Structures are given as C-alpha cells and as structure tokens.
Amino acid sequence: MGNGKALKKTMATKAIIKSVCGLATATMLTACGGNSIEGKWVEPIPGMESQVQGINLEEGGKASSINMATLQYENWSKSDDMLILSGKSIGNHETISFSDTLIIEKLTKDELTLKKGSLTIHYKKQ
C-alpha cells in the first residue's frame, strides 16, 4: 500500500509540474509573440480615399505624423490598453502642444483600432 500512495503522489506532482510548465510556456509565448504596436498605421483620408493619413510609432517612444501637416506627433507611450500620443497642433498662426489618451480596442499584426469618446479610428499597418 505504501508504494501505491507514493506512486499516486509522484503522478500528481508530475501533473502539477506539467500544468505549471505549460502555463509558463503559454505566458512567455504570448508576451514574446504579442502584436507590436510599433509601425506605420494608416487610414484613408476622409473625402480623398485614394490617399492615407496616420501615425508612425517608432521604437523608443518616438512618433510622427503621416500626411498630416497640422497635427505633428512627437512621442507615444502605451499603458495597458491605452495609447498616449503627444505632439503639436499647428493652425491659425498658433502652435499648441497636446497629449491625447486613446483606448486600444483592437491590435493585431495588421489592424489597430483606437477610440476616444465617440471617435473610433480603424488603422491598417502600412
């Protein structure tokens, strides 16, 4: 009887180790293989659908605008499901610094959907 209990305990221990190792592996793959927000993200320009506008999110938190002369992105950061973009808005002989916080609703290798209030922007990776 003693050997039966020891065998069950060994099998239970192996099952727990397999579960823990499987969970750790899955977590690492998700963290390492997650979709990166870095890259050039564009959408059609309203009224000029043959042209695009958007944001370039570079490594190290640097940002720039794509085809938007009056909205110049400079920096970005990500916190959980929030994207914070900052830069300068240029117009009417005035330059105003800004910082916008947007909710990341969707992020895949090809798509980025951002939301702020009633505004939803659907970007495609360029």
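What you see is a predicted model, and the numbers here were worked out from it, not measured in a lab.
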* Asked: Do Asn56 and Glu58 touch side chain to side chain, with heavy atoms closer than 4.5 Å?
  -> yes
* In terms of heavy-atom contacts, does CD of Glu49 have more than 12 from other residues, nucleotides or ligands at under 6.0 Å? -> yes
* To do: Taking atom CG of Asn92 as the centre, report whether more than 12 heavy atoms of other residues, nucleotides or ligands fall under 6.0 Å from it.
  => no
* side-chain hydrogen bond (donor to acceptor under 3.5 Å, both in side chains) partners for Glu74, two or more places apart -> Lys88
* Are the side chains of Lys115 and Leu102 in touch, meaning some heavy atoms are under 4.5 Å apart? -> no
* Could you pull out all residues at least two apart from Gln51 that satisfy side-chain contact (heavy atoms from CB on, under 4.5 Å)? => Ile45, Met48
* Is there a side-chain contact between Glu111 and Tyr123 (heavy atoms, below 4.5 Å)? -> no
* Asked: Got Leu112 and Lys106 here, is their nearest side-chain heavy-atom distance under 4.5 Å?
  -> no
* To do: Decide yes or no for Ile84 and Asp100: does some side-chain heavy atom of the first lie under 4.5 Å from some side-chain heavy atom of the second?
  => no
* Quick one: closest heavy-atom pair of Val42 and Val52, and the distance? => CB-CB, 3.8 Å
* Flag, side chain of Ser89 to backbone of Ile96, donor-acceptor distance under 3.5 Å -> no
* **Linked, directly or transitively: Ile121 and Trp41 (ILVMFWY side chains, under 4.5 Å)** => yes
* Asked: Checking Trp76 side chain against Lys62 main chain: does a donor-acceptor pair fall under 3.5 Å?
  -> yes
* Asked: Any side-chain heavy atom of Thr113 within less than 4.5 Å of one from Ile104?
  -> no
* Is Lys78 close to Ile37 at the side-chain level, that is, under 4.5 Å between some pair of heavy atoms? -> yes
* Structure fact -> dist Ser64:OG -> Ile55:CD1 (nearest 0.5 Å) comes out at 9.5 Å
* To do: Give, for atom CG of Leu85 and atom OH of Tyr73, the distance between the pair rounded to the nearest 0.5 Å.
  => 5.5 Å
* **Flag side-chain contact, heavy atom, 4.5 Å: Lys116 against Thr101** => no
* Asked: How many angstroms lie between CG in Leu119 and CG in Leu114, if you round to the nearest 0.5 Å?
  -> 9.0 Å
* Asked: Rounded to the nearest 0.5 Å, how far apart are OG of Ser36 and CG of Leu57?
  -> 8.5 Å
* **Over 12 foreign heavy atoms within 6.0 Å of NZ, Lys125** => yes
